[in-house]
Amino acid sequence: SFSHEDGVKVSKHLAKAKAAGLIDYQFVLEAEDYGCGLVGTKVLTVDVVRGGARGGSLEADTSQVFLDDDALPAGALFLNAHLDVHTVLAGGAVSAAVVKSGHDSDDDALDASENVFANATRRQLTTLTLGTDIGGKKLSLTLTTTDGNVNDLTAGKLSLVVNYLLNPAL
């Protein structure tokens with residue numbers, strides 16, 4: 001059972017997450033009011049200089065899927081997601097690059113196309129409905145380049161960040 005003391009602990013964690021800009025106030029209130037679980041964050045980062053996700057290799061193709069090794073925990077309910085472009089993608093003959101964000105069973109569940117060649121920004125992804133069960137899914141990023149292959153890239157780093165509410169009842 002979920003005790004008052006557990007609720008106080010969750011509230012403190014939620015306050016820290018809110019202060020760090022990981023979740024917005026609406027979600028903090030919702031979780032505090034219902035005491036239904038913990039807020040978690042899952043990040044999938046692609047770093048061109050390091051060879052893709054988790055030090056893999058870049059492909060000699062105009063499209064490459066980067067799939068997280070670890071699935072989201074069972075009972076994970078979608079809160080929000082954003083794409084951080086830390087460094088724009090560049091290099092070789094590549095003249096443009098876009099990425100779609102999703103998971104192993106729907107590669108654009110979070111976003112169908114974001115330009116990751118033009119500017120380094122944070123983009124809020126709003127395609128998936130709040131509260132969707134994403135437990136057991138593996139995050140994915142699909143990178144597509146124009147006028148060159150993915151392995152022609154010499155610079156670029158981006159992260160898909162997904163915040164979820166863990167509902168242990170699921």
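As a basis for the values below, the full set of heavy atoms in this structure was taken, side chains included, without hydrogen atoms, waters or symmetry mates.
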Between atom [atom1] of [X] and atom [atom2] of [Y], what is the distance when rounded to the nearest 0.5 Å?
| X | Y | atom1 | atom2 | value |
| --- | --- | --- | --- | --- |
| L58 | D152 | CG | CG | 9.5 Å |
| L160 | S140 | CG | OG | 8.0 Å |
| L38 | L165 | CG | CG | 8.0 Å |
| L83 | D111 | CG | CG | 7.5 Å |
| L77 | T129 | CG | OG1 | 12.5 Å |
| E114 | R123 | CD | CZ | 5.0 Å |

Exercise. Is there a side-chain contact between D70 and K42, using heavy atoms and a 4.5 Å cut-off?
Worked result: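 Yes. Closest side-chain heavy atoms under 4.5 Å.
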Problem set entry | Which residues share a salt bridge (Lys or Arg N to Asp or Glu O under 4.0 Å) with D84, sequence neighbours left out | R122
For this session: Kindly determine whether L128 and I134 satisfy side chain to side chain contact (heavy atoms under 4.5 Å, CB included), including the steps that lead there.
Result: CA-CA 10 Å; L128 198 60; I134 54 174; 3.7 Å; yes
For this session: Examine distances only and state if a side-chain atom of E59 and a backbone atom of Q64 form a donor-acceptor pair shorter than 3.5 Å.
Result: no
For this session: Would you check if the side chain of T145 reaches a backbone N or O of G148 as a donor-acceptor pair within less than 3.5 Å?
Result: yes
Check [X] against [Y] and note the closest heavy-atom contact, atom names and distance.
| X | Y | answer |
| --- | --- | --- |
| A76 | Y164 | CB-CD1, 3.6 Å |
| A81 | Q124 | O-NE2, 3.2 Å |
| V88 | F117 | CB-O, 3.8 Å |
| G136 | A71 | O-CB, 3.5 Å |
| S159 | V43 | CB-CG1, 4.0 Å |
| N149 | V94 | O-CG2, 3.6 Å |

Exercise. Any side-chain donor-acceptor pair under 3.5 Å between K157 and T45?
Worked result: no
Problem set entry | Hydrophobic cluster membership, V65 vs V116, 4.5 Å side-chain cutoff | no
Exercise. Should L141 and V98 be regarded as members of a common hydrophobic cluster, given that ILVMFWY residues are connected when their side-chain heavy atoms come within less than 4.5 Å of each other, either directly or indirectly?
Worked result: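 Each belongs to a different hydrophobic cluster.
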